[in-house]
Amino acid sequence: MPEQLTAQEVNSKTDPSVAKQWDNDVSAEKKFGDFYAIADKLKIGLLGTLREGTGPVHRSMAVAKRTGPDFLFLANAHSQKFNDIEKHPEAVTITFQNSSNQDWVSITGKAVTTSNEDPRIKEIWSRGTSAWFGDLGDGVHTGKPEDPRMKLIEIQSKYISYFKAEVSALGFGKEVIGAIVTGGVANTGALREMKEDEIKQARSSDSSMSS
């Protein structure tokens, strides 16, 4: 049900839509588990970089692999995003949103790029990948894993925030209408964040389980 707005929230300049959905007092296992579930379901997000003379630039990218809180993308080395990352490796973001239920994820991290010799390229490459590279017919630029244009971008997360919807589409509508009628504030899910220390622990835990 919608929650009543209080004078204290207004006087303290609190954003009630954030405060009333804030749900950060849960276990790390719960926070990261829900985060992974949202990101893994969506698969495709917006990868953002900072470009000299322009500002933030975003493009749609399919996640090649997620390892704990970190994300791996397979990309064309001739893409301008590699120039962006070289100059501003710590100004990289990934965002996901599910328009059907309002789940969203926002990640800020550091980007690390690899050479074409990284063995993970062969692990994540598929025939569909070649459709985005093309085959020049010279035996080198083939669109296959050995193609020198193929490189990896790994985003090592430093800050994560996400929203997990906890009502159905019908429930969302009822919550919004109820808030409008009563003067309350709609509460449709859980808003959480993970900072660098928590993320490092999750990364370490995931590495221990994988080894």
Side-chain angles (χ1 to χ4, degrees), residues 1-42 44-61 68-71 84-85 87-111 155-203:
M1 293 293 294
E3 296 186 28
Q4 191 61 44
L5 177 66
T6 67
Q8 181 180 358
E9 288 173 322
V10 176
N11 293 337
S12 62
K13 298 183 179 180
T14 298
D15 182 342
S17 68
V18 172
K20 294 184 184 303
Q21 299 187 111
W22 190 245
D23 185 42
N24 218 40
D25 191 22
V26 296
S27 69
E29 182 179 5
K30 173 68 172 173
K31 285 203 289 188
F32 281 91
D34 286 346
F35 160 56
Y36 296 152
I38 294 172
D40 290 348
K41 183 177 181 180
L42 297 178
I44 296 176
L46 289 177
L47 176 65
T49 56
L50 182 61
R51 183 163 298 169
E52 291 284 313
T54 299
V57 177
H58 299 80
R59 74 284 291 161
S60 179
M61 295 280 290
D70 303 324
F71 293 80
D84 298 345
I85 290 170
K87 294 177 180 178
H88 301 285
E90 306 226 17
V92 180
T93 61
I94 313 170
T95 55
F96 301 92
Q97 181 160 16
N98 187 339
S99 59
S100 66
N101 68 356
Q102 308 306 318
D103 284 350
W104 59 260
V105 171
S106 176
I107 300 158
T108 301
K110 177 181 178 180
I155 309 302
Q156 299 171 349
S157 299
K158 296 182 69 177
Y159 176 81
I160 299 166
S161 61
Y162 71 91
F163 178 80
K164 180 179 182 294
E166 295 183 333
V167 296
S168 65
L170 179 60
F172 181 90
K174 288 182 176 180
E175 190 74 15
V176 172
I177 292 172
I180 294 172
V181 171
T182 65
V185 179
N187 187 340
T188 60
L191 179 62
R192 301 177 183 139
E193 69 174 3
M194 291 90 94
K195 297 182 180 179
E196 192 167 8
D197 287 347
E198 293 176 280
I199 295 170
K200 285 181 178 178
Q201 291 179 9
R203 184 180 294 122

Donor-acceptor pair, Lys87 side chain versus Arg51 backbone, under 3.5 Å? no
Is the backbone of Tyr36 close enough, under 3.5 Å, to the side chain of Tyr162 for a donor and an acceptor to pair up by distance? no
With heavy-atom distances below 4.5 Å as the criterion, would you say the side chains of Thr93 and His58 are in contact? yes
Pair Asp23 + Lys164: basic N to acidic O under 4.0 Å: no
So which heavy atom on Ser60 is nearest to which on Ile44, and how close? OG-CG2, 3.2 Å
If you compare all heavy atoms of Ile85 against all heavy atoms of Ala111, which two are closest, and at what distance to 0.1 Å? CG2-CB, 3.6 Å
Taking the side chain from Arg59 and the backbone from Val57, do they hold a donor-acceptor pair closer than 3.5 Å? yes
Check whether any side-chain heavy atom of Asn24 sits under 4.5 Å from a side-chain heavy atom of Lys31, and report yes or no. yes
I'd like to know if the side chain of Gln21 and the backbone of Gly189 have a donor-acceptor N/O pair within less than 3.5 Å. yes
Taking the side chain as every heavy atom from C-beta outward, state whether Asp34 and Arg192 have any atom pair closer than 4.5 Å. yes
Report yes if some heavy atom in the side chain of Ser157 is under 4.5 Å from a heavy atom in the side chain of Thr108; otherwise report no. no
So, do Glu193 and Trp22 sit near enough that their side-chain heavy atoms are less than 4.5 Å apart? yes
Between the main-chain N or O of Lys195 and the side-chain N or O of Glu198, is there a donor-acceptor pair closer than 3.5 Å? yes
Do Ile38 and Phe96 touch side chain to side chain, with heavy atoms closer than 4.5 Å? no
Just so I know, are the side chains of Val105 and Leu42 near enough to count as touching, which here means a heavy-atom distance under 4.5 Å? no
Quick one: closest heavy-atom pair of Thr95 and Ser106, and the distance? CG2-OG, 4.2 Å
What is the minimum heavy-atom distance between Tyr159 and Ile199, and which atoms define it? N-CD1, 3.6 Å
